[in-house]
Amino acid sequence: MGMSKIRFPETKNFINGKFELIGEHLMDVFSPLNGKIISTVPLSGRYELEKAVEAASIAFTSWSTTTIKERVQIFFKYRDLLQQHREELAEIVHIENGKMIGEAIAEVDKSIELTEFACSLPQLISGEIMEVSRGVECREERVPLGVVASISPFNFPNMVPNWTIPNAIALGNCMIFKPSEHVPLSVKRLAELLKEAGLPDGVFNVVNGAQEIVEAICDHPKIEAISFVGSTKVAKIVYKRATSSLKRCVALGGAKNHLLVLPDANMKMSASDIAASMSGCAGQRCMAASAMVGVGEIDHIVDQLCEEVRKIIPGDNLGSVISKEAKDRIERYITEAEKLGAKILVDGRNVTVKGKEGGYYVGPTVIDFVKPEMAIAKEEVFGPVLSIMRTDTLDEAIAIENSSNYGNAAAVFTQSGGLARYVMEKANAGMVGVNIGVPVPREPFSFGGWNESKFGVGDITGKTSIDFWTKIKKTTTKWNAEAKTNWMS
Ligand code: NAD
């Protein structure tokens with residue numbers, strides 16, 4: 001295929017304010033909507049990283065000595081640019097990731113909210129000062145770390161990058177960004193908008209690629225901190241490799257989110273919330289409902305849920321999954337569960353969308369009478385599939401939730417405040433919902449799971465991210481010659 005047929009010209013790295021292509025290894029980028037090639041992406045390695053780190057290190061000298069009030073001015077402009085280009089940015093997400101336009105718009109809106117939080121940082125990070133003994137003062141202030149890196153997954157090409165870009169940079173760091181090689185186009189556009197907003201060259205750099213560039217980032221001695229978002233398998237590799245080369249690291253992994261449904265739950269609200277949670281972004285959200293545990297007599301809710309799920313039509317109000325491999329993997333899980341005796345209530349296998357026959361679509365799928373020991377009940381499926389397990393008691397349901405290796409989100413649907421409170425206390429997950437299928441904390445609250453859904457201290461967004469992207473300088477001063485001296489000062 002000639003370059004002219006490619007919708008987005010070849011994606012390049014962005015180093016020191018310029019797009020450039022050095023490496024010869026290019027990978028094709030496909031749109032999951034129709035399976036067609038839309039761009040190419042360089043698979044960079046140590047050489048490209050070295051150039052990016054050099055640019056970022058030089059930029060850090062001046063960027064770190066501007067005040068935070070000056071730095072956030074750029075993010076006020078960036079926020080307005082995200083708003084102005086909202087539809088265009090959503091269109092890019094839609095094409096490269098396959099989610100519906102409405103979902104892509106919601107993603108861009110979330111990026112705007114994340115940037116607004118960064119704009120408020122001057123109000124949150126002032127230091128402290130205290131006279132600790134007569135004439136002697138201690139003062140604490142936050143300083144940036146230096147060159148930092150951020151690595152993102154395919155499922156939120158616009159929002160996840162904005163989990164880290166505005167906060168890390170507003171706090172004075174210079175960044176090397178590594179987007180998912182499956183969706184490199186959104187971050188390319190963000191680089192252009194950051195430049196247009198006035199960000200100096202070298203403060204934000206993009207290196208594209210896959211495993212090799214990630215390993216180079218983990219090993220690079222001049223990179224101080226790495227944030228990672230992706231699967232648990234890779235999060236573990238990155239966390240171990242980054243910390244063994246003595247870096248700060250927070251690495252978010254995969255998920256298996258449980259929804260506990262009690263018989264007294266509001267039937268209509270629960271059914272529509274659960275349907276939206278399991279199918280939104282084609283089930284490719286780390287906060288998606290994947291396992292539902294029904295306690296006691298909940299057939300009426302399951303019936304209503306299936307009615308809601310049948311209204312979800314691939315290509316109409318359900319996007320595609322990311323690749324042919326993902327579609328095959330999801331369908332394999334369904335078939336295996338069926339073979340083991342689970343009952344398929346709504347079957348999303350073997351769907352095609354008219355006019356988009358090359359697209360990777362899986363229809364919404366509901367499977368009942370799944371057993372906790374089945375693979376589909378334990379592993380991350382990452383598709384629009386809900387497995388329903390049944391228990392007699394709430395404690396059995398909680399035990400199933402608690403036994404998961406993951407711990408991103410958990411939710412309970414009930415009208416009883418006491419039972420909701422009990423689940424809030426017992427759930428073994430970082431983000432808990434009551435009558436909410438996708439309990440994503442909004443700014444200034446922070447986002448992050450527990451167990452194998454996150455490695456490292458603190459969360460990736462909100463208030464706790466301030467600790468991650470800064471270090472604290474403690475200064476003790478004495479200007480008064482008559483000040484009392486003791487063994488400490
Ligand atoms: P992934 O782990 O395959 O890829 C994530 C990043 O790691 C990409 O940039 C990729 O290039 C890189 N990578 C892939 N294999 C690597 C290797 N062997 N060594 C080094 N780097 C490697 O994840 P994905 O498929 O892009 O994204 C989906 C996963 O991300 C799901 O598991 C989902 O739950 C998770 N996710 C988690 C959160 C969260 O907040 N916990 C948010 C979004 C996505």
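All ligand and atom numbering here is 1-based and tracks the order in the structure. Just so you know, residue 1 is the first one in the sequence shown, and it goes up from there. Everything quoted here is computed from the prediction, not taken from an experiment.
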- [ ] Return a yes/no value for Glu215: is any of its N or O atoms, backbone included, closer than 3.5 angstrom to an N or O of ligand 1?
- [x] no
Task: Closest to atom 33 (C) of ligand 1 among Phe382, Tyr406, Phe228 (heavy-atom distance) - done: Phe382
Open item on the list: Checking Ser180 against Ser152: is there a side-chain donor and acceptor pair closer than 3.5 Å?
Closed with: no
Task: Flag: protein heavy atom within less than 4.0 Å of atom 4 (O) of ligand 1 - done: no
Open item on the list: Which option wins on minimum heavy-atom distance to atom 18 (N) of ligand 1: Lys256, Glu181, Lys178, Gln211?
Closed with: Gln211
Task: Asn13 and Asn208: side chain donor to acceptor below 3.5 Å - done: yes
Task: Protein heavy-atom partner closest to atom 15 (N) of ligand 1 - residue, atom, separation in Å - done: Val234 CG2, 3.5 Å
Task: Proximal atoms of ligand 1 relative to Asn155 (non-hydrogen, under 4.0 Å) - done: 43 (C), 44 (C)
- [ ] May I ask you to decide if the ring planes of Phe154 and His182 are parallel, tilted or perpendicular, using 30° and 60° as cut-offs?
- [x] perpendicular
Open item on the list: Looking at Arg7 and Glu91, is there a salt bridge between them, counting it only when a charged N and a carboxylate O are closer than 4.0 Å?
Closed with: yes
- [ ] Considering only non-hydrogen protein atoms, determine which one is nearest to atom 12 (C) of ligand 1 and report residue, atom name and distance to 0.1 Å.
- [x] Val214 CG2, 4.1 Å
- [ ] Considering only non-hydrogen protein atoms, determine which one is nearest to atom 40 (O) of ligand 1 and report residue, atom name and distance to 0.1 Å.
- [x] Phe447 CE2, 3.0 Å
- [ ] Establish, from distance only, whether the side-chain atoms of Tyr360 and Glu325 form a donor-acceptor pair under 3.5 Å.
- [x] no
Task: Subset of ligand 1 atoms that lie under 4.0 Å from at least one heavy atom of Glu380 - done: 31 (C), 32 (O), 33 (C), 34 (O)
Open item on the list: Contact between ligand 1 and Gly449 is defined here as a heavy atom of the residue under 4.0 Å from a ligand atom; is it met?
Closed with: no
Open item on the list: Quick one about Arg349 and Thr335 (side-chain donor to acceptor, distance below 3.5 Å, no hydrogens or angles considered), yes or no?
Closed with: yes
- [ ] Between Gly430, Ser180, Gly230, Ala409, flag the one that comes closest to atom 36 (N) of ligand 1 by a heavy atom.
- [x] Gly230
Open item on the list: Please report whether ligand 1 has a polar contact with Leu252, defined as an N or O pair separated by less than 3.5 Å (distance criterion only).
Closed with: no
Open item on the list: We want to know whether Arg142 and Thr470 form a side-chain donor-acceptor pair, criterion being a heavy-atom distance below 3.5 angstrom.
Closed with: yes
Open item on the list: For Lys463, is there an ion pair with Glu443 - N to carboxylate O distance below 4.0 angstrom?
Closed with: no
TODO: Using a 4.0 Å heavy-atom cut-off, say whether Ser152 meets ligand 1 through its side chain, its backbone, both or neither.
DONE: backbone
Task: No-hydrogen, no-angle side-chain donor-acceptor test under 3.5 Å, Tyr78 and Asn162 - done: yes
Open item on the list: Can you see whether Asn257 engages Ser290 through a side-chain donor-acceptor pair at a distance of less than 3.5 angstrom?
Closed with: no
Task: Candidate with minimal heavy-atom separation from atom 37 (C) of ligand 1, of Ala326, Gly254, Gly253, Pro153 - done: Gly253
Open item on the list: Using side-chain heavy atoms (C-beta onward) and a distance below 4.5 Å, is Trp63 in contact with Pro200?
Closed with: yes
- [ ] Closest by any non-hydrogen atom to atom 25 (O) of ligand 1: pick that one out of Phe154, Trp163, Phe156.
- [x] Phe154
Task: Top protein contact for atom 39 (C) of ligand 1, by heavy-atom distance - done: Cys286 SG, 3.2 Å
Task: Nearest-neighbour protein heavy atom for atom 2 (O) of ligand 1, which is reported as residue plus atom name and distance - done: Ser231 OG, 2.6 Å
